[in-house]
Amino acid sequence: MPQIIFLPHEEICPEGAVIEAEPGTTICDAALQNGVEIEHACEKSCACTTCHVIIREGLDSLVEAEEEEDDLLDKAWGLEPESRLSCQAVMANEDLVVEIPKYTINMVSESH
């Protein structure tokens, strides 16, 4: 089973994290199922950018981003060419190295 290696994030996972993820699962779902509390203000409906992540390794293995995701990413803080919305990035069979940006643009605060 492929792994997602989360680089250390000051608040969400200070030590970093390594989790297993079923192919076909989104990065966000895999993270949340394994205690990595990625923000997701729109409840994973591709309507915000709070779950923005940067794929440091394995980007080419992910299902390609659709236009709606690309349009939203333009609004994400710290956008990079390797940026994806974790609620839309679907795992394949390769390991990923993921960085959660330090900040998000979160206009809605929800309790999870």
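All residue numbers in this chain count up from 1 along the given sequence.
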Chemist: Counting neighbours of CD on Glu68 that are heavy atoms of other residues, nucleotides or ligands and sit closer than 6.0 Å, is the number greater than 12?
Modeler: no

Chemist: State the OG1-CD distance between Thr25 and Glu20, to the nearest 0.5 angstrom.
Modeler: 11.5 Å

Chemist: Would you name the heavy atoms of Pro23 and Asn93 that are closest together and state the gap between them?
Modeler: CG-OD1, 3.1 Å

Chemist: How far does CD of Glu57 sit from CD of Glu99, to the nearest 0.5 angstrom?
Modeler: 12.0 Å

Chemist: Partners of Glu80 by side chain to side chain donor-acceptor pair (under 3.5 Å), sequence neighbours excluded?
Modeler: Arg56

Chemist: If hydrophobic clusters are built from ILVMFWY residues whose side chains come within less than 4.5 Å, do Val18 and Val97 share one?
Modeler: yes

Chemist: Looking only at atom types and distance, does a side-chain atom of Glu69 sit under 3.5 Å from a main-chain N or O of Leu85, one as donor and one as acceptor?
Modeler: yes

Chemist: How long is the straight-line distance from CD1 of Ile38 back to OG of Ser86, given to the nearest 0.5 Å?
Modeler: 4.0 Å

Chemist: I'd like to check Glu37 versus Leu32 (side-chain heavy atoms, cut-off strictly below 4.5 Å). Are they in contact?
Modeler: yes

Chemist: Taking all heavy atoms of Ala65 and all of Asp70, pick out the closest pair and write down the distance.
Modeler: CB-OD1, 3.5 Å

Chemist: Apply the test side-chain contact (heavy atoms from CB on, under 4.5 Å) to residues Cys51 and Lys44: give CA-CA distance (whole Å), side-chain angles for both, the deciding distance (0.1 Å), then the verdict.
Modeler: CA-CA 8 Å; Cys51 72; Lys44 304 178 279 185; over 6 Å; no

Chemist: Check Ser83 against Ile54 and note the closest heavy-atom contact, atom names and distance.
Modeler: OG-CG1, 3.9 Å

Chemist: Check Pro2 against Asp95 and note the closest heavy-atom contact, atom names and distance.
Modeler: CA-OD1, 3.4 Å

Chemist: With Ala89, which residues qualify under side chain to side chain contact (heavy atoms under 4.5 Å, CB included), at least two apart?
Modeler: Ile27, Leu62, Arg84

Chemist: Taking side-chain contact (heavy atoms from CB on, under 4.5 Å) as the criterion, tell me which of Glu39, His40, Gln88 meets it with Cys28.
Modeler: His40

Chemist: Where do Gly58 and Leu96 come nearest, in terms of heavy atoms and distance?
Modeler: O-CD2, 3.3 Å

Chemist: Could you grab the distance from atom CE of Met1 to atom CD1 of Ile19, nearest 0.5 Å is fine?
Modeler: 11.0 Å

Chemist: For residues 4-16, tabulate all N or O donor-acceptor pairs below 3.5 Å that involve a side-chain atom, not counting sequence neighbours.
Modeler:
residue : atom : partner : partner atom : Å
His9    : ND1  : Glu11   : N            : 3.2
His9    : ND1  : Ile12   : N            : 3.0
His9    : NE2  : Pro101  : O            : 3.1

Chemist: Please find the pair of heavy atoms, one from Ala92 and one from Ser61, that lie closest to each other, and give the distance.
Modeler: CB-O, 3.0 Å

Chemist: Would you say Thr26's side chain and Asp29's backbone share a donor-acceptor pair under 3.5 angstrom?
Modeler: yes

Chemist: Say you draw a straight line from CG of Leu59 to CD of Glu82; how long is it, rounded to the nearest 0.5 Å?
Modeler: 6.5 Å

